[in-house]
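Naming convention: chains lettered A, B, ... in sequence-line order (proteins, then strands); numbering from 1 in each chain. The shown structure was predicted, so the numbers you read here are calculated from the model rather than taken from an experiment.
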Number of protein chains: 2
Amino acid sequence: MSRSHSSEALDAAERLCQERGERLTPIRKRVLELVLGWDGPVKAYDLLDALNPESGTAKPPTVYRALDFLMGLGLVHKVEALNAFVGCTHSHDEGGAELYICNNCGSVRERHGAAVSHNAPEGFKIERSVIEHFGHCGNCNP
Amino acid sequence: MSRSHSSEALDAAERLCQERGERLTPIRKRVLELVLGWDGPVKAYDLLDALNPESGTAKPPTVYRALDFLMGLGLVHKVEALNAFVGCTHSHDEGGAELYICNNCGSVRERHGAAVSHNAPEGFKIERSVIEHFGHCGNCNP
DNA sequence: TCCGATACGTTATTTAGTAACACTGGCGAC
DNA sequence: GTCGCCAGTGTTACTAAATAACGTATCGGA
(Lines give C-alpha, C1' and ligand atoms only; values in the text may rest on other atoms or scores of the structure.)
Protein backbone atom coordinates (compact mmCIF):
# COMPACT_ATOMS: atom_id res chain seq x y z
CA MET A 1 0.00 0.00 0.00
CA SER A 2 1.49 3.28 -1.12
CA ARG A 3 2.12 6.14 1.20
CA SER A 4 0.28 8.57 -1.02
CA HIS A 5 -2.72 6.32 -1.03
CA SER A 6 -2.61 6.34 2.72
CA SER A 7 -2.28 10.10 2.96
CA GLU A 8 -5.18 10.62 0.59
CA ALA A 9 -7.25 8.56 2.94
CA LEU A 10 -6.00 10.61 5.86
CA ASP A 11 -7.09 13.79 4.13
CA ALA A 12 -10.48 12.26 3.52
CA ALA A 13 -10.65 11.35 7.18
CA GLU A 14 -9.90 14.92 8.22
CA ARG A 15 -12.66 16.18 5.98
CA LEU A 16 -15.11 13.59 7.23
CA CYS A 17 -14.41 14.53 10.83
CA GLN A 18 -14.98 18.20 10.12
CA GLU A 19 -18.29 17.43 8.47
CA ARG A 20 -19.42 15.51 11.48
CA GLY A 21 -17.97 17.71 14.15
CA GLU A 22 -15.67 14.96 15.35
CA ARG A 23 -12.05 15.37 16.27
CA LEU A 24 -9.29 13.42 14.57
CA THR A 25 -6.93 13.62 17.51
CA PRO A 26 -3.24 12.64 17.21
CA ILE A 27 -3.84 9.18 18.62
CA ARG A 28 -6.76 8.49 16.34
CA LYS A 29 -4.84 9.79 13.37
CA ARG A 30 -1.81 7.71 14.22
CA VAL A 31 -3.89 4.55 14.58
CA LEU A 32 -5.56 5.24 11.26
CA GLU A 33 -2.17 5.75 9.62
CA LEU A 34 -0.94 2.47 11.03
CA VAL A 35 -4.01 0.55 9.93
CA LEU A 36 -3.90 2.04 6.44
CA GLY A 37 -0.21 1.44 6.11
CA TRP A 38 -0.33 -2.11 7.40
CA ASP A 39 0.14 -4.99 5.04
CA GLY A 40 -3.19 -6.76 5.43
CA PRO A 41 -5.47 -7.00 8.44
CA VAL A 42 -3.89 -5.87 11.67
CA LYS A 43 -4.49 -7.11 15.20
CA ALA A 44 -5.25 -4.65 17.95
CA TYR A 45 -2.29 -5.77 20.00
CA ASP A 46 0.04 -5.40 17.05
CA LEU A 47 -1.13 -1.83 16.74
CA LEU A 48 -0.41 -1.47 20.41
CA ASP A 49 3.12 -2.74 19.89
CA ALA A 50 3.58 -0.38 16.98
CA LEU A 51 2.30 2.51 19.01
CA ASN A 52 4.45 1.95 22.03
CA PRO A 53 7.94 2.62 20.74
CA GLU A 54 6.55 6.05 19.91
CA SER A 55 4.33 7.05 22.76
CA GLY A 56 5.59 4.54 25.27
CA THR A 57 2.49 4.21 27.37
CA ALA A 58 -0.32 2.97 25.16
CA LYS A 59 -2.51 0.33 26.71
CA PRO A 60 -5.35 -1.73 25.27
CA PRO A 61 -8.13 0.80 25.88
CA THR A 62 -6.17 3.41 23.98
CA VAL A 63 -6.10 1.44 20.78
CA TYR A 64 -9.60 0.02 21.14
CA ARG A 65 -11.05 3.46 21.71
CA ALA A 66 -9.33 4.77 18.62
CA LEU A 67 -10.50 1.80 16.58
CA ASP A 68 -14.08 2.20 17.81
CA PHE A 69 -14.02 5.81 16.80
CA LEU A 70 -12.62 5.04 13.36
CA MET A 71 -15.10 2.25 12.83
CA GLY A 72 -17.90 4.61 13.74
CA LEU A 73 -16.79 6.82 10.89
CA GLY A 74 -16.47 3.87 8.55
CA LEU A 75 -12.76 4.50 8.13
CA VAL A 76 -11.83 1.13 9.55
CA HIS A 77 -13.58 -2.21 9.39
CA LYS A 78 -13.23 -5.13 11.70
CA VAL A 79 -12.62 -8.52 10.17
CA GLU A 80 -14.69 -10.51 12.60
CA ALA A 81 -13.38 -13.89 11.60
CA LEU A 82 -9.81 -12.79 12.30
CA ASN A 83 -10.29 -10.41 15.18
CA ALA A 84 -8.38 -7.94 13.08
CA PHE A 85 -8.88 -4.58 11.45
CA VAL A 86 -8.51 -3.14 7.98
CA GLY A 87 -8.48 0.39 6.72
CA CYS A 88 -11.21 1.52 4.40
CA THR A 89 -10.05 3.67 1.55
CA HIS A 90 -13.38 3.72 -0.25
CA SER A 91 -16.53 5.70 -0.04
CA HIS A 92 -17.82 5.96 3.47
CA ASP A 93 -21.43 5.57 2.61
CA GLU A 94 -22.11 3.19 5.44
CA GLY A 95 -24.15 0.18 4.51
CA GLY A 96 -21.47 -2.27 5.40
CA ALA A 97 -18.60 -3.56 3.39
CA GLU A 98 -18.10 -6.93 1.84
CA LEU A 99 -14.54 -8.13 2.32
CA TYR A 100 -12.44 -10.43 0.19
CA ILE A 101 -9.42 -11.64 2.10
CA CYS A 102 -6.61 -13.61 0.52
CA ASN A 103 -5.47 -16.46 2.72
CA ASN A 104 -2.11 -16.42 1.03
CA CYS A 105 -0.92 -12.84 0.81
CA GLY A 106 -3.32 -11.30 3.29
CA SER A 107 -4.53 -8.66 0.90
CA VAL A 108 -8.02 -7.35 1.47
CA ARG A 109 -10.38 -6.09 -1.19
CA GLU A 110 -13.52 -4.31 -0.32
CA ARG A 111 -16.87 -4.02 -2.05
CA HIS A 112 -19.76 -1.85 -1.04
CA GLY A 113 -23.48 -1.86 -1.33
CA ALA A 114 -24.04 -4.95 -3.32
CA ALA A 115 -25.24 -8.40 -2.94
CA VAL A 116 -27.62 -8.46 -0.06
CA SER A 117 -29.31 -11.76 -0.33
CA HIS A 118 -33.02 -11.86 -0.92
CA ASN A 119 -33.64 -14.92 1.13
CA ALA A 120 -33.87 -13.38 4.55
CA PRO A 121 -36.42 -15.10 6.78
CA GLU A 122 -39.93 -13.69 6.65
CA GLY A 123 -40.10 -10.42 8.53
CA PHE A 124 -36.42 -10.24 9.37
CA LYS A 125 -35.08 -6.70 9.29
CA ILE A 126 -31.34 -6.54 8.72
CA GLU A 127 -29.47 -3.83 10.58
CA ARG A 128 -25.90 -4.91 10.19
CA SER A 129 -24.27 -7.49 7.98
CA VAL A 130 -20.93 -9.16 8.31
CA ILE A 131 -19.77 -10.51 4.98
CA GLU A 132 -16.26 -11.88 4.73
CA HIS A 133 -14.98 -14.07 1.94
CA PHE A 134 -11.75 -15.98 2.37
CA GLY A 135 -9.85 -17.56 -0.48
CA HIS A 136 -7.13 -16.68 -2.93
CA CYS A 137 -6.82 -13.44 -4.80
CA GLY A 138 -6.01 -13.12 -8.47
CA ASN A 139 -2.30 -12.82 -7.80
CA CYS A 140 -2.05 -15.86 -5.57
CA ASN A 141 -4.29 -17.94 -7.78
CA PRO A 142 -2.66 -20.21 -10.39
CA MET B 1 -36.19 -25.17 21.04
CA SER B 2 -37.98 -28.44 21.59
CA ARG B 3 -36.33 -31.51 22.94
CA SER B 4 -37.57 -33.68 20.11
CA HIS B 5 -36.08 -31.30 17.61
CA SER B 6 -32.79 -31.63 19.38
CA SER B 7 -32.88 -35.41 19.52
CA GLU B 8 -33.69 -35.64 15.84
CA ALA B 9 -30.59 -33.65 15.18
CA LEU B 10 -28.63 -35.95 17.47
CA ASP B 11 -29.82 -38.96 15.52
CA ALA B 12 -28.79 -37.24 12.31
CA ALA B 13 -25.41 -36.59 13.86
CA GLU B 14 -24.96 -40.23 14.76
CA ARG B 15 -25.77 -41.23 11.23
CA LEU B 16 -23.45 -38.64 9.77
CA CYS B 17 -20.59 -39.85 11.93
CA GLN B 18 -21.13 -43.45 10.89
CA GLU B 19 -21.07 -42.44 7.24
CA ARG B 20 -17.79 -40.67 7.71
CA GLY B 21 -16.14 -43.11 10.06
CA GLU B 22 -15.99 -40.51 12.81
CA ARG B 23 -16.81 -41.14 16.43
CA LEU B 24 -19.50 -39.20 18.25
CA THR B 25 -17.94 -39.67 21.67
CA PRO B 26 -19.84 -38.86 24.88
CA ILE B 27 -18.18 -35.47 25.23
CA ARG B 28 -18.87 -34.50 21.64
CA LYS B 29 -22.43 -35.68 21.93
CA ARG B 30 -22.96 -33.81 25.15
CA VAL B 31 -21.56 -30.60 23.68
CA LEU B 32 -23.79 -30.99 20.65
CA GLU B 33 -26.81 -31.52 22.90
CA LEU B 34 -25.96 -28.42 24.85
CA VAL B 35 -25.48 -26.29 21.75
CA LEU B 36 -28.68 -27.53 20.17
CA GLY B 37 -30.65 -27.06 23.34
CA TRP B 38 -29.27 -23.62 24.09
CA ASP B 39 -31.44 -20.61 23.62
CA GLY B 40 -29.52 -18.72 20.97
CA PRO B 41 -25.80 -18.61 20.30
CA VAL B 42 -23.70 -20.04 23.10
CA LYS B 43 -20.24 -19.02 24.24
CA ALA B 44 -17.53 -21.62 24.62
CA TYR B 45 -17.00 -20.79 28.28
CA ASP B 46 -20.72 -21.06 28.99
CA LEU B 47 -20.59 -24.54 27.56
CA LEU B 48 -17.66 -25.18 29.83
CA ASP B 49 -19.67 -24.05 32.82
CA ALA B 50 -22.58 -26.20 31.75
CA LEU B 51 -20.31 -29.17 31.31
CA ASN B 52 -18.57 -28.91 34.63
CA PRO B 53 -21.33 -29.65 37.11
CA GLU B 54 -21.58 -32.94 35.25
CA SER B 55 -18.08 -34.03 34.46
CA GLY B 56 -16.28 -31.80 36.88
CA THR B 57 -13.01 -31.43 35.09
CA ALA B 58 -13.66 -29.91 31.68
CA LYS B 59 -11.17 -27.28 30.62
CA PRO B 60 -11.09 -25.01 27.59
CA PRO B 61 -9.38 -27.42 25.19
CA THR B 62 -12.06 -30.00 25.91
CA VAL B 63 -14.87 -27.84 24.68
CA TYR B 64 -12.92 -26.27 21.84
CA ARG B 65 -11.92 -29.67 20.55
CA ALA B 66 -15.49 -30.86 20.61
CA LEU B 67 -16.64 -27.70 18.86
CA ASP B 68 -13.96 -28.03 16.19
CA PHE B 69 -15.04 -31.57 15.56
CA LEU B 70 -18.69 -30.64 15.30
CA MET B 71 -17.93 -27.70 13.04
CA GLY B 72 -15.95 -30.01 10.81
CA LEU B 73 -19.09 -32.05 10.36
CA GLY B 74 -21.20 -28.97 9.79
CA LEU B 75 -23.28 -29.71 12.87
CA VAL B 76 -22.28 -26.51 14.57
CA HIS B 77 -21.48 -23.08 13.18
CA LYS B 78 -19.44 -20.37 14.72
CA VAL B 79 -20.92 -16.89 14.83
CA GLU B 80 -17.72 -15.00 14.23
CA ALA B 81 -19.07 -11.62 15.19
CA LEU B 82 -20.13 -12.92 18.60
CA ASN B 83 -17.45 -15.48 19.32
CA ALA B 84 -20.30 -17.87 19.87
CA PHE B 85 -21.67 -21.08 18.45
CA VAL B 86 -25.00 -22.28 17.12
CA GLY B 87 -26.28 -25.72 16.33
CA CYS B 88 -27.15 -26.56 12.77
CA THR B 89 -30.32 -28.54 12.34
CA HIS B 90 -30.40 -28.34 8.58
CA SER B 91 -28.86 -30.20 5.73
CA HIS B 92 -25.16 -30.65 6.17
CA ASP B 93 -24.26 -30.02 2.60
CA GLU B 94 -21.32 -27.83 3.49
CA GLY B 95 -21.01 -24.70 1.40
CA GLY B 96 -21.35 -22.40 4.36
CA ALA B 97 -24.39 -21.11 6.08
CA GLU B 98 -25.86 -17.67 6.05
CA LEU B 99 -27.00 -16.64 9.52
CA TYR B 100 -29.76 -14.29 10.57
CA ILE B 101 -29.39 -13.34 14.21
CA CYS B 102 -32.00 -11.39 16.11
CA ASN B 103 -30.44 -8.76 18.35
CA ASN B 104 -33.48 -8.80 20.56
CA CYS B 105 -34.39 -12.41 21.27
CA GLY B 106 -31.14 -14.01 20.14
CA SER B 107 -32.83 -16.43 17.80
CA VAL B 108 -30.77 -17.62 14.85
CA ARG B 109 -32.13 -18.60 11.47
CA GLU B 110 -30.00 -20.31 8.94
CA ARG B 111 -30.01 -20.34 5.18
CA HIS B 112 -27.89 -22.45 2.92
CA GLY B 113 -26.45 -22.29 -0.54
CA ALA B 114 -27.72 -18.98 -1.64
CA ALA B 115 -26.65 -15.58 -2.37
CA VAL B 116 -23.01 -15.65 -3.24
CA SER B 117 -22.38 -12.24 -4.59
CA HIS B 118 -21.25 -11.88 -8.14
CA ASN B 119 -19.00 -8.97 -7.48
CA ALA B 120 -15.93 -10.73 -6.27
CA PRO B 121 -12.73 -9.07 -7.41
CA GLU B 122 -11.31 -10.32 -10.69
CA GLY B 123 -9.68 -13.71 -10.19
CA PHE B 124 -10.64 -14.10 -6.57
CA LYS B 125 -11.47 -17.68 -5.67
CA ILE B 126 -13.70 -17.95 -2.62
CA GLU B 127 -13.02 -20.86 -0.30
CA ARG B 128 -14.96 -19.91 2.78
CA SER B 129 -17.55 -17.25 3.39
CA VAL B 130 -18.71 -15.77 6.65
CA ILE B 131 -22.14 -14.23 6.25
CA GLU B 132 -23.91 -13.00 9.35
CA HIS B 133 -26.89 -10.68 9.37
CA PHE B 134 -27.90 -8.94 12.57
CA GLY B 135 -31.22 -7.25 13.09
CA HIS B 136 -34.69 -8.06 14.31
CA CYS B 137 -36.63 -11.17 13.51
CA GLY B 138 -40.28 -11.26 12.54
CA ASN B 139 -41.41 -11.75 16.13
CA CYS B 140 -39.39 -8.90 17.56
CA ASN B 141 -40.20 -6.57 14.70
CA PRO B 142 -43.17 -4.20 15.11
C1' DT C 1 1.47 -58.64 22.06
C1' DC C 2 2.99 -54.53 20.53
C1' DC C 3 2.23 -50.45 17.76
C1' DG C 4 0.16 -46.44 16.17
C1' DA C 5 -3.66 -43.45 15.96
C1' DT C 6 -7.23 -40.99 18.09
C1' DA C 7 -9.29 -38.83 21.89
C1' DC C 8 -8.99 -36.87 26.19
C1' DG C 9 -6.66 -34.74 30.56
C1' DT C 10 -3.80 -31.11 32.31
C1' DT C 11 -0.91 -27.09 32.86
C1' DA C 12 0.25 -22.89 31.31
C1' DT C 13 0.30 -19.12 28.36
C1' DT C 14 -1.08 -16.01 24.90
C1' DT C 15 -4.36 -13.04 22.79
C1' DA C 16 -8.73 -10.16 22.95
C1' DG C 17 -11.46 -6.97 25.00
C1' DT C 18 -13.65 -4.16 28.73
C1' DA C 19 -14.88 -2.01 33.37
C1' DA C 20 -14.00 1.50 36.28
C1' DC C 21 -12.02 5.47 37.80
C1' DA C 22 -8.73 9.42 37.73
C1' DC C 23 -6.86 13.30 35.28
C1' DT C 24 -6.57 17.08 31.92
C1' DG C 25 -7.50 20.75 28.91
C1' DG C 26 -10.75 23.27 26.18
C1' DC C 27 -14.90 25.87 26.07
C1' DG C 28 -19.21 27.97 27.08
C1' DA C 29 -22.27 30.14 30.89
C1' DC C 30 -22.44 33.28 34.09
C1' DG D 1 -12.14 35.63 34.83
C1' DT D 2 -13.58 31.39 36.96
C1' DC D 3 -16.59 27.86 37.40
C1' DG D 4 -18.23 23.66 35.86
C1' DC D 5 -18.94 20.52 32.28
C1' DC D 6 -17.36 17.13 29.06
C1' DA D 7 -14.78 14.69 25.56
C1' DG D 8 -10.51 12.50 25.37
C1' DT D 9 -6.94 10.13 27.43
C1' DG D 10 -4.16 7.62 31.21
C1' DT D 11 -4.09 3.79 34.26
C1' DT D 12 -5.17 -0.32 36.82
C1' DA D 13 -7.17 -4.36 36.89
C1' DC D 14 -9.78 -7.77 35.28
C1' DT D 15 -12.67 -10.96 32.33
C1' DA D 16 -13.09 -13.60 28.18
C1' DA D 17 -11.35 -16.29 24.21
C1' DA D 18 -8.26 -19.43 22.37
C1' DT D 19 -4.28 -22.34 21.84
C1' DA D 20 0.39 -24.63 22.77
C1' DA D 21 2.51 -28.35 24.55
C1' DC D 22 2.73 -32.51 26.63
C1' DG D 23 1.04 -36.53 29.26
C1' DT D 24 -2.32 -40.47 29.50
C1' DA D 25 -5.72 -43.82 28.04
C1' DT D 26 -8.03 -46.73 24.86
C1' DC D 27 -8.84 -49.42 20.95
C1' DG D 28 -8.12 -51.83 16.64
C1' DG D 29 -5.08 -53.93 13.50
C1' DA D 30 -0.27 -55.90 12.14
Tell me whether the OP1 or OP2 atom of [N] has a side-chain N or O from [X] closer than 4.0 Å.
X	N	value
A:Y45	C:dA16	no
A:N83	D:dA17	no
A:K43	C:dA16	yes

Please give, in whole Å, the distance from [N] [atom2] to [X] [atom1]?
X	N	atom1	atom2	answer
A:L48	C:dT18	CG	P	14 Å
A:D49	C:dA16	CG	C1'	13 Å
A:Y64	D:dT12	OH	P	19 Å
A:E80	D:dA18	CD	P	12 Å
B:E54	C:dG9	CD	P	13 Å
B:L67	D:dT19	CG	P	11 Å
A:L47	C:dT15	CG	P	15 Å
A:N52	D:dT9	CG	C1'	14 Å

Between B:A44 and B:R23, which residue's closest nucleotide on DNA chain D lies nearer the 5′ terminus? B:A44
Any idea which of [options] is nearest the [X] side chain?
X	options	result
B:P61	C:dT10, D:dG8, D:dA18	C:dT10
B:R65	C:dT18, D:dA18, D:dA21	D:dA21
B:I27	D:dA18, D:dT11, C:dC8	C:dC8
B:F85	D:dT9, D:dA18, C:dT10	D:dA18
A:K59	C:dG17, D:dT11, D:dA21	D:dT11

Do the side chains of B:F134 and B:V79 get nearer than 4.5 Å, heavy atoms only? yes
Do we see a donor-acceptor contact under 3.5 Å between the side chains of B:E98 and B:H112? no
Any base atoms under 4.0 Å from A:R28, or only sugar-phosphate, or nothing? Heavy atoms, all strands. sugar-phosphate
B:E14/B:K29 salt bridge by N-O under 4.0 Å criterion: yes
With a 4.0 Å cut-off, would you call B:R128 and B:E80 a salt bridge? yes
If you round to the nearest 0.5 Å, how far is NE2 of A:H77 from CD of A:E110? 3.5 Å
Using heavy-atom distances to pick each residue's nearest nucleotide on DNA chain C, tell me which of A:K78 and B:E22 is more 5'. B:E22
